[in-house]
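Letters go in sequence order (proteins before strands), and every chain restarts at 1.
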Amino acid sequence: MPDTQLEQNIPYAIRAYSPEQLTDALRKMFLIRKFEEGAEDSYTRGLIHGTMHLSIGQEASAVGSCMSLTDEDKITSTHRGHGHCVAKNADLGKMFAEFFGKETGYCKGRGGSMHIADPAKGNLGANGIVGGGLPIAVGAALSAKRLGTGAVTICFFGDGANNEGAFHESLNIASVWKLPVVFVCENNKYGMSTSTERSTAVRNIADRAVAYSMPGRTVDGNDFSAVTEAVDAAVARARRGEGPSLIENLTYRWRGHSKSDRNRYRTKEEISDWMGRDPIVSMSRLLVDHGILTNDGVAALETEAEQVIKDAIEFAAASPYPKVEEVTRDVYTVQEAAE
Amino acid sequence: MPDTQLEQNIPYAIRAYSPEQLTDALRKMFLIRKFEEGAEDSYTRGLIHGTMHLSIGQEASAVGSCMSLTDEDKITSTHRGHGHCVAKNADLGKMFAEFFGKETGYCKGRGGSMHIADPAKGNLGANGIVGGGLPIAVGAALSAKRLGTGAVTICFFGDGANNEGAFHESLNIASVWKLPVVFVCENNKYGMSTSTERSTAVRNIADRAVAYSMPGRTVDGNDFSAVTEAVDAAVARARRGEGPSLIENLTYRWRGHSKSDRNRYRTKEEISDWMGRDPIVSMSRLLVDHGILTNDGVAALETEAEQVIKDAIEFAAASPYPKVEEVTRDVYTVQEAAE
Amino acid sequence: MNAHTPTALRELSYAEAIREAMDLAMAADDRVILMGEDIGVYGGAFQVTGDLVHKYGTDRVMDTPISELGGAGVAVGAALTGLRPIFEFQFSDFAALAMEQIVNQAAKVRYMLGGAVSVPLVMRFPSGSGTGAAAQHSQSLEAWLGHVPGLKVVQPSTPEDVKGMLLAALEDPDPVMIFEHKILYKMKGHVPEGYYTTPIGKAAIRRAGKDVSIVATSIMVHKALAAAEQLAGEGIDAEVIDLRTVRPMDHETVLASVRKTGRLVCVYEGVKTLGVGAEISAMVAESDAFDFLDAPIVRLGGAECPVPYNPELEKAVVPQTPDIVEAVKNVVKGRI
Amino acid sequence: MNAHTPTALRELSYAEAIREAMDLAMAADDRVILMGEDIGVYGGAFQVTGDLVHKYGTDRVMDTPISELGGAGVAVGAALTGLRPIFEFQFSDFAALAMEQIVNQAAKVRYMLGGAVSVPLVMRFPSGSGTGAAAQHSQSLEAWLGHVPGLKVVQPSTPEDVKGMLLAALEDPDPVMIFEHKILYKMKGHVPEGYYTTPIGKAAIRRAGKDVSIVATSIMVHKALAAAEQLAGEGIDAEVIDLRTVRPMDHETVLASVRKTGRLVCVYEGVKTLGVGAEISAMVAESDAFDFLDAPIVRLGGAECPVPYNPELEKAVVPQTPDIVEAVKNVVKGRI
Ligand SMILES: Cc1ncc(C[n+]2csc(CCOP(=O)(O)OP(=O)(O)O)c2C)c(N)n1
Ligand SMILES: Cc1ncc(C[n+]2csc(CCOP(=O)(O)OP(=O)(O)O)c2C)c(N)n1
Ligand SMILES: [Mg+2]
Ligand SMILES: [Mg+2]
């Protein structure tokens, strides 16, 4: 029984967060899962064009990493960014509307899946360029330090991105300037088709932290509490003005890299093995085990998430398309410059 | 007396190389020193325009690193590359001719100090772009591996270059593909005016080797034998097909970064302190102590070097300038493409 | 795709034609290697390399880490020292990360070294819009590289040409940049069997005509041909020139056409300002063909904005067949 | 420098004018910071930042590591979140390492996000040849950035303008790229005291004339003015226009001039092919001013080769005053 255990045997997340916060975290994880499924389904039904990168299987990393952030804190995200949006309190209707290319979408239909952002909530945006968000996150941390806002920036990136020069330059600058940024590498074993073994000359990506004299930790990215424990400590450190950290969340994407992936580079066994380690199932179990939710409560969250997604899709579907005449709007802040 | 010492107390270089080889090494160090002084003097006298980066004080690193290379082995060099050229057996006359912008120069007067190369001797060239040679060196090592030439590539770069993304990407690729390349960082404490403390988030640059699962060693770059010992081992390792290494030669440039440097970022004391650790003086002492040269022999090498430089300058001065009509020659290999 | 193609001839897609060229080259010359992201078992983001890894192994079909600058630089170094690399950018947009190695190194090293070396490097750039991948995955950046002496820059528009130009690029001792439009990858057309080369630096007249010259690049060649068909129905006889090479540009073919027609419309997908059409137009305006011009030179290029995601907006930012028809009609209207 | 300047007015060098602008802006607004390599105690490779670090401290005059991509990206991120960074590339050539952040991020993020953000970023690019620093330190790459919607690109040619345009750039909510010719840094000219802005997007007529329009950029404005003086002695009255802004280009000033003179010579240092003059020429050739043209449009641009080291060769690859004189004479010869 949880209440008879010693404090240190109680998982960090249970100690650190209120039942409401934890319930909300699980709610977000369900929302991400259902969002991705809804997006996939819409794609199959031809409602969405282009490409998309689903993060099913990685929900604990997105939600766990953002637990100690406020709307003042920033994140930079990646091409696989839907989960980060939801974790940072995005409006699901605006997300779907963006997918559907609507004027009501986060990017007014100009950006699509790879560019959803929500500056008001501190989400500086997904990025179509692998590694593109890394120096931008460092810049946001520089602003926070100079302007004294106390804000922290979490920079999400993938294992593949860790081999970009931008990774090296960004971590080095952040460390030399002691900036309040936390680099969260979501290591899902592959950059597209290329495994970390074939792309990355180090066992754990967090081991690269040594090269920047910053703390580095590798954690089970499907374990919500483990993610929260590691990232919260790094966020607190950053807030204390002690500089950046590198956290590596080991996780897995269940789906292909994008819609055109034929999964030739990995086995069915590997996929099903990882599906057996569903972060939502373990988070649900954690909350039930610690008396925070009942099984029915979990089921209710899931149903609720389905309804939210349904409503979001309806909102998106009913929304107007952008006007083609306005295609060059927003190239510049002051419009005549576009002429 | 050297011959009564135990084998392991005899410096590596003395054990590894013949008296002729060691004498030749000291000869090259003198040539570099005299070359740089001659270049400086010519610049002051208005015979050379543009800019130049002198490596006075770093001679042990250039010559020591190349000791175990043959003409089949490659190097890539930097903007501070004169020493590497000489170490790789360049013709001093052609070097000066290039400085003077002459048709007889290594680059036919088109390249200048920052682009001197000697592909026939395995010198793939200096580079005006900090870090520009890093991936090129890796490419040369890839060729060696695929073509089975057995050649090794030494990639010279500075402490400043170690913060370029190209450093990270190159070391990572070299390690993942186990290529025969040795990365030699010449850490002279500054990238232009910026000290490693202010630019580099790690104490020793060689510590970054961990991030690429390759051996890393920091050595006294003004100690010829220490440089040779570390780099030779790395070259041998590369030749055995065991992959790349990172060696950091701690050294110092006596002169300013380039001709426009006012030395505002370092103290006179620091400079004179390092001038007290002249690598040529210690190399001379090493060879005298081990009975390889007499003091007179050392002096003769210096005089000889002065004469070589004098002759080289004369050759350069007497050489013709390129024809202005031929300015677009050599843009393409087959000329009509330039039209 | 090619109006003159007898139907009995063998058809391949543009992607297959590229693959066939690489296959032929690799079979003939051990020094040819492929480098790029996910070009091995994945077969390339656009399935251009396909199964080549199974035929030539991972030593010759090399998946690079996601390191565009490093990868490009490794290719430059390899080309300098005896290999013949073909480097694939996954999208041409990512070449923005590698401009240093392409422009400061590959393009200049021969010249900077006074001719002591050559860089026999081929790079492939999947380009253009039409896939709904938005602003960072849809650019047409050939004008950047066309501005750089030391490079050759081609934009083949047909399967036949892309095979022949890729093989010509491999024979070329200097760096050749191949801009491939993603939407062309699936287009089919006649491709001769076996080894042949298509010259770099020569434009092709795809349709002869006497009233107006349309000089188009890449996918715009097909839109221009469609426009020309429509215009023929309205009594306007357009000549359609496929530029094929941005650098070195085939001035003579373009000028001969303009001398004949007296009217010029340039059609390209890259951003209009400082895009390839600016050079075509300026080259004609400073030539002796200027005296033959009976109307202003019209350019149809990409809109002055990033490529948007929404498919209708996406279409609106690049020239479409009706735009070409309309532009040509306007140019021809004021016949002198 | 400026023919109309009364001698009593205060003179500053171009570099001093930039420094004064930065100083004014930093004094007025805490959010303005400087970033770049060796801009602190060293004062910048061209001594543009000079002593500002002593006035504003290392927190606002930040020496970056040698990390152009990272540095530029940090500036983008800072601009997105409340700071007003002025980022100095040590040489414009090194911007090749940062094109990703400039072009894929800074230029596009506002559009990609549907207008939700602005990127008030100023970048400075010391450009051009003439210092004997050879191919990798002498390029004029303004055409690359001029091709990119979302950016504004300026090339001020006088101390007065560079101060005013830098201050205008800092007022601008969007990214402004300032190309500064290294050889101009030491040129002196009148610079008004205090705060003023010079509009981005407006060309300046530096010399009125009726026979031919010379549109020049950056240092070429001064060569064009020298040529115009010489030509005046030979009875040719040239109008010299300083383009000042590459994007957005001031079409109207150029067109009005061409309508008046009927002849156009474009002079720019960047490589001729696909350089800024290509756009000027093409813009005129497609406008109504086409009908006023009495001669082909001539472009004098950089030679089709990398910039060589030897000083005589170096001079030969960029337009010089005698080249302009000769080109203008040829254009004017066939007066209709
Ligand atoms: C600079 C750049 N290179 C390549 C790509 C193409 N690409 C998109 S996602 C991806 C894989 C990224 O892997 P990782 O960083 O591990 O993220 P994951 O997809 O696994 O979440 C690649 C190669 C890109 N978008 N940007
Ligand atoms: C990409 C790039 N950035 C900046 C420069 C300007 N620059 C030339 S040398 C130099 C310092 C290099 O420092 P380091 O690598 O330590 O070599 P060192 O000069 O000390 O030998 C700088 C900043 C350059 N040439 N290339
Ligand atoms: Mg991954
Ligand atoms: Mg150094």
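Comparing C:Gly150, C:Pro308, C:Ala134 by how many heavy-atom pairs each has under 4.5 Å with chain D, the most go to C:Pro308. Note: D:His147 leads D:Gln101, D:His147, D:Glu100, D:Met283 in heavy-atom pairs under 4.5 Å with chain C. When the candidates C:Ser281, C:Gly146, C:Pro306 are compared by the number of heavy-atom contacts under 4.5 Å with chain D, C:Pro306 comes out ahead. With respect to chain C, the highest number of heavy-atom pairs below 4.5 Å among D:Pro296, D:Gly275, D:Ser287 belongs to D:Pro296.
For C:Ile297, the parts lying near chain D are the backbone and the side chain together; criterion is any non-hydrogen pair under 4.5 Å. Residue contact with chain C, scored on non-hydrogen atoms closer than 4.5 Å, involves the side chain of D:Gln139 exclusively. Residue D:Val148 touches chain C through its side chain alone, counting heavy-atom pairs closer than 4.5 Å.
Within the 3.5 Å criterion, the main-chain N or O of D:Gly201 finds a donor-acceptor partner in the side chain of D:Thr245. Although no hydrogens or angles enter the test, the distance criterion places a donor-acceptor pair under 3.5 Å between the side chain of C:Glu314 and the main chain of C:Gly130. Here the side chain of C:Glu68 pairs no donor or acceptor atom with the backbone of C:Leu97 at under 3.5 angstrom. A donor-acceptor contact shorter than 3.5 Å links the side chain of C:Lys182 to the backbone of C:Gly128.
Of the N and O atoms on the side chains of D:Gln136 and D:Asp93, not one donor lies less than 3.5 Å from an acceptor on the other residue.
At a threshold of 4.0 Å, the pair C:Glu312-C:Lys315 counts as salt-bridged, since one of the basic side-chain nitrogens sits closer than that to a carboxylate oxygen.
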Stepwise, does the salt bridge (Lys or Arg N to Asp or Glu O under 4.0 Å) test hold for C:Glu279 with C:Arg247?
-> CA-CA 10 Å; C:Glu279 181 60 31; C:Arg247 171 178 286 273; over 6 Å; no
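Between D:Glu269 and the options D:Ser138, D:Ser218, D:Ser127, D:Ser129, a side-chain contact (heavy atoms from CB on, under 4.5 Å) holds for only D:Ser129.
By the 30° and 60° cut-offs, the orientation of the rings of C:Phe91 relative to C:Phe94 is tilted.
Along residues 250-262 of chain D, no residue comes nearer than 4.5 angstrom to chain C, judged on non-hydrogen atoms.
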